[in-house]
Engineer: 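Would you mind keeping the following structure in view while I ask a few things?
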Amino acid sequence: QVQLVESGGGLVQAGGSLRLSCAASGRAFSSYNMAWFRQAPGKEREFVAAIRWSGGNTYYADSVKGRFTFSRDNAKNMLYLQMNSLKAEDTAVYYCAAVYKSSTTYYSSNYYNPTHYDYWGQGTQVTVSS
């Protein structure tokens with residue numbers, strides 16, 4: 001089982017940067033595929049970025065590609081989402097999520113689906129002012 005706690009959200013001006021962190025508990029953290037999702041008021045939860053258990057593959061939503069970078073430090077049980085060139089439309093609650101590792105083929109077909117993930121953090125608010 002994995003417990004997740006996000007931090008690093010806040011208020012930032014458009015064009016600015018934030019780095020979100022997600023601290024994971026559990027001895028098998030390095031065996032979990034991880035992802036970030038976000039949810040704006042009145043909207044469905046949407047995929048932001050994902051990374052495989054080994055860190056060897058990362059996936060990004062088109063809306064954040066080139067601006068966000070997702071990384072993990074398995075030795076520290078930490079995830080990081082570096083967000084640059086922030087836009088007003090990035091405003092949302094950001095959640096990290098975890099699922100036990102699967103084959104590359106299977107994960108590559110499911111990483112963007114929130115129902116694929118078994119564990120979720122409580123979320124951290126990111127507000128970008130224009």
Engineer: Any pair with a residue in residues 62-130 that passes disulfide (SG to SG under 2.5 Å), sequence neighbours left out, goes on the list, sorted by first then second residue, please.
Structural biologist: C22-C96
Engineer: W120: what forms a side chain to side chain contact (heavy atoms under 4.5 Å, CB included) with it, not counting sequence neighbours?
Structural biologist: F37, R45, Y95, A97, P114, Y117
Engineer: Considering residues, nucleotides and ligands other than E44, do more than 12 of their heavy atoms fall under 6.0 Å from its CD?
Structural biologist: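 Counting neighbours around CD of E44, 12 or fewer heavy atoms of other residues, nucleotides or ligands fall under 6.0 Å, so no.
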Engineer: Got a sec, which residues hit ring-ring contact (aromatic ring centres under 6.0 Å, His included) with Y106, two or more places apart in sequence or on another chain?
Structural biologist: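 For Y106, the residues satisfying ring-ring contact (aromatic ring centres under 6.0 Å, His included) (neighbours in sequence not counted) are H116.
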Engineer: Tell me the disulfide (SG to SG under 2.5 Å) pairs involving residues 100-130, sequence neighbours left out?
Structural biologist: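 Non-adjacent pairs meeting disulfide (SG to SG under 2.5 Å): zero.
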Engineer: Quick one: salt bridge (Lys or Arg N to Asp or Glu O under 4.0 Å) partners of R67, sequence neighbours excluded?
Structural biologist: D90
Engineer: Suppose we screen for side-chain hydrogen bond (donor to acceptor under 3.5 Å, both in side chains). Which residues come up paired with N113, at least two apart in sequence or across chains?
Structural biologist: T115
Engineer: Looking at every non-hydrogen atom in both residues, tell me the closest pair between Y107 and S102 and how far apart they are.
Structural biologist: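 For Y107 and S102, the tightest heavy-atom pair comes out as CB-OG, 3.7 Å.
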Engineer: Suppose we screen for side-chain hydrogen bond (donor to acceptor under 3.5 Å, both in side chains). Which residues come up paired with Y111, at least two apart in sequence or across chains?
Structural biologist: none
Engineer: List the residues meeting side-chain hydrogen bond (donor to acceptor under 3.5 Å, both in side chains) with N77, not counting sequence neighbours, and say none if there are none.
Structural biologist: none
Engineer: Check the surroundings of atom CD in E46: do more than 12 heavy atoms from other residues, nucleotides or ligands lie under 6.0 Å from it?
Structural biologist: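 Correct, the count exceeds 12.
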Engineer: State, to 0.1 Å, how close G9 and T124 come at their nearest heavy-atom pair, and which atoms those are.
Structural biologist: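 Looking at all heavy atoms of both residues, the shortest contact is N-OG1, 3.2 Å.
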Engineer: Got a donor-acceptor contact below 3.5 angstrom from the R72 side chain to the N33 backbone?
Structural biologist: no
Engineer: If I compare all heavy atoms of S21 with all of M78, which pair ends up nearest, and what's the gap?
Structural biologist: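 In this case the closest contact between S21 and M78 is CB-CE, 3.8 Å.
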Engineer: Which residue pairs satisfy the disulfide (SG to SG under 2.5 Å) criterion with at least one member in residues 49-92, sequence neighbours excluded?
Structural biologist: none
Engineer: Mind checking what makes salt bridge (Lys or Arg N to Asp or Glu O under 4.0 Å) contact with K43, not counting sequence neighbours?
Structural biologist: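 K43 satisfies salt bridge (Lys or Arg N to Asp or Glu O under 4.0 Å) with no residue once adjacent residues are dropped.
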Engineer: Does Q82 reach the main-chain N or O of R19 with its side chain, forming a donor-acceptor pair under 3.5 Å?
Structural biologist: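 Checked: no pair found.
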Engineer: Which residues pass the side-chain hydrogen bond (donor to acceptor under 3.5 Å, both in side chains) test with T127, not counting sequence neighbours?
Structural biologist: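 T127 satisfies side-chain hydrogen bond (donor to acceptor under 3.5 Å, both in side chains) with Q125 only.
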Engineer: Please report the shortest heavy-atom distance between A14 and S130, naming the atom on each side.
Structural biologist: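 So the two residues come closest at CB-CA, 4.2 Å.
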Engineer: Looking at every heavy atom in both R38 and A92, which two are closest together, and how far apart are they?
Structural biologist: CB-CB, 3.8 Å
Engineer: Tracing side-chain links under 4.5 Å among I, L, V, M, F, W and Y, which residues wind up in one group with L18?
Structural biologist: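 Under the 4.5 Å side-chain rule, L18 groups with V2, L4, V12, L20, F29, Y32, M34, W36, V48, I51, Y60, V64, F68, F70, L79, L81, M83, L86, Y94, Y100, Y119, V126, V128.
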Engineer: Examine distances only and state if a side-chain atom of Q3 and a backbone atom of G26 form a donor-acceptor pair shorter than 3.5 Å.
Structural biologist: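 No.
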